[in-house]
Enquirer: 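So that we are looking at the same thing, I have put the structure below in structure tokens.
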Amino acid sequence: MLGIIKSRKKAADSKNLFSEQELLTLADKVVQRYAYTIPQAEREDVKMSMIEKFLSQQDQITEKFEGKSGKNTYGYAVLNRICCGVIRKEMKRWQNHIDYQQDDSSSEQNTLDALLIKDEIRLLAKVLILMNDAHKSTVFMASYYKLSPKEQFVSEYDLNYIENKLLELLHIETGISKGEIYNCLSKVVNVVERKDVKSDAVRMWLNKQMEIAISRLNGPFKRASYDKESLQVLFEYFYMEQ
Amino acid sequence: MTMNQMHLTEQDIATAAEHLSKGTVDRLDQRIRTHLAECDECANEVQFVSELNQVDDAFINTTIETNNKGRTLNLRPLWAAASILIVLGSVYWLMNISSPSEEQIAEEQTTQTTDKHIIANNDQEVISNKQDTTKTVATQPKPADKAKEVIVNKPVKRITLAYASNEELEALVKRFANNTTMRGEAIKVITPSTLAGPLNKLKLNWNNPDQQELIIEVYTNKGEKLFEETTSKNTVQLSKIKSPGLYYWKLIDEDFEMIFCGKIIVK
């Protein structure tokens, strides 16, 4: 592993990290991913702006490459950050322009229609992994949405799930109220984490986790307009795929 | 995150993105993991870069050293894909040259999902088709078909399938989507082409100035008629829909001409 890192670093040090063509290709892909925000007419300018900034900092960028990732991935990370800077700077000017229309998918159905479900499921998986208490969030959200507990998630949350009879505790009947769900979940927390939390604390924590998930799904510059309802639908798709 | 806390470097973002793409986040440095759990901005960057990687044709980040120390390639994803293809190809070839043996049936079982009901159903399908090897070996039950077999005992699967769209009805909805006065000029549909809302709170509306007898048909997303109502009023309540899912509705006039077709998403 160390060998790979060292060899990547050495290759980078010996010359410019990217050729002009490579840089153009990477920048193009980054800009395309922000197509929902950058007006069509501005995309070429944004791309050129990104490349200009990249080239002006090329030496530092090359120096900071430690070889811990592939150079393309590093390139994406750098260009993405530059692109976000350009968008923040230009956004106001674009919004003032009479023709500017960001795709405002405010309804759940528009959100789901406009975006590929498969890609969104993959994105949700990533959002959940990166959150604090990722496994707990997945398990608790499943229970909140009254989905049957799955061993693969429950076991990741608690290795002693069999002894603690978590599968039974997490099994939520369809008829029960949200309040009763939080009661069940607080019992689970108290058993697994040996705490003494009340259902209110669990409710606040879970709401916070769902807000974080929604915020991260929507991304910067309003990539999508997820809300609690559409999060539930997406989560169900995600959960079924696992 | 406070203003004093720095964001991750681009190198950290790239490293995290690769781990995320490969599913090895647990091997990521704890410092980075903690930061990503707390910082939306960096988490979004990592997700974004990870997505770019996954659609990138050049995701196999090759680093070829042209010096005498040789090459360092990271072709693991290619090897994995090639191995899978070889295995699948071998299985298909073996299945084609002979009738399925118990081992092949067992192999088929293990390549299915871990859902026990589905495996049990698949068993039955293979055994019952044992005499017809072409059907047995060539037909892989589609996930939707397999899921339908267990739908009665699996409310979890039912939730996802409940929202799957029906191709034929979708085409009808699209046709009427931009023109709410297709036929029956006197009748104007007010309900949007896609109506979404919670159970027991949905209703369909239109203007029926002449109080014509209208037929409202509601279908499940499988194309099965759920119920039919006749009315001369301007509205109908959808109280007969009892579970969340995707439904379609048709408005038909007294000449049995379809005036409108829309869809209903019940949350």
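Only this structure's heavy atoms are used, side chains among them; waters, hydrogens and symmetry mates stay out.
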Enquirer: Nearest 0.5 Å, what's the CG-NZ distance between B:Leu36 and A:Lys126?
Expert: 13.0 Å
Enquirer: So which of A:Gln232, A:Arg33, A:Met131 has the biggest tally of heavy-atom pairs under 4.5 Å with chain B?
Expert: A:Arg33
Enquirer: Between A:Ser69 and B:Thr15, what is the shortest heavy-atom contact and its length?
Expert: CB-N, 3.9 Å
Enquirer: Take atom CD in B:Glu167; do more than 12 heavy atoms of anything else shown fall under 6.0 Å from it?
Expert: no
Enquirer: If you take all heavy atoms of A:Leu130 and B:Ala43, which pair is closest and at what distance?
Expert: CD1-O, 4.0 Å
Enquirer: Check the surroundings of atom CD in A:Glu52: do more than 12 heavy atoms from other residues, nucleotides or ligands lie under 6.0 Å from it?
Expert: no
Enquirer: Just checking A:Lys178: does its NZ atom have more than 12 heavy atoms from other residues, nucleotides or ligands closer to it than 6.0 angstrom?
Expert: yes
Enquirer: Might you confirm whether atom CD of A:Glu20 has over 12 heavy atoms from other residues, nucleotides or ligands at distances under 6.0 Å?
Expert: no
Enquirer: Supply the atom-to-atom distance A:Arg216 CZ to B:Asp40 CG, rounded to the nearest 0.5 angstrom.
Expert: 4.5 Å
Enquirer: Run the numbers on B:Asn44 and A:Arg223 for side-chain contact (heavy atoms from CB on, under 4.5 Å), then give the verdict.
Expert: CA-CA 11 Å; B:Asn44 279 326; A:Arg223 179 195 78 93; over 6 Å; no
Enquirer: May I ask you to check whether A:Lys64 and B:Thr9 show a side-chain donor-acceptor distance below 3.5 Å?
Expert: no
Enquirer: If you count the non-hydrogen atoms of other residues, nucleotides and ligands that lie under 6.0 Å from CD in B:Glu168, is the total more than 12?
Expert: no
Enquirer: Looking at every heavy atom in both A:Val127 and B:Gln47, which two are closest together, and how far apart are they?
Expert: CG2-OE1, 3.4 Å
Enquirer: Restricting to non-hydrogen atoms, name the atom on A:Arg88 and the atom on B:Glu41 that form the minimum distance, rounded to 0.1 Å.
Expert: NH2-OE2, 3.8 Å
Enquirer: Decide yes or no for A:Arg81 and B:Ile13: does some side-chain heavy atom of the first lie under 4.5 Å from some side-chain heavy atom of the second?
Expert: yes
Enquirer: Answer yes or no: is there a donor N or O on one side and an acceptor on the other, between the side chain of B:Gln11 and the main chain of A:Phe65, under 3.5 Å?
Expert: no
Enquirer: If you compare all heavy atoms of B:Glu10 against all heavy atoms of A:Ala77, which two are closest, and at what distance to 0.1 Å?
Expert: O-CB, 3.5 Å
Enquirer: Drop me the distance from B:Thr34's OG1 to A:Asn132's CG, to the nearest 0.5 angstrom.
Expert: 7.5 Å
Enquirer: Quick one: pull up CD1 in A:Ile129 and OG1 in B:Thr24 and give me the separation to the nearest 0.5 Å.
Expert: 9.5 Å
Enquirer: Which distance, rounded to the nearest 0.5 Å, do you find between the OG of B:Ser50 and the CZ of A:Arg122?
Expert: 7.5 Å
Enquirer: Considering non-hydrogen atoms only, spot the tightest contact between A:Gly70 and B:Glu18 and give its length.
Expert: N-OE2, 2.8 Å
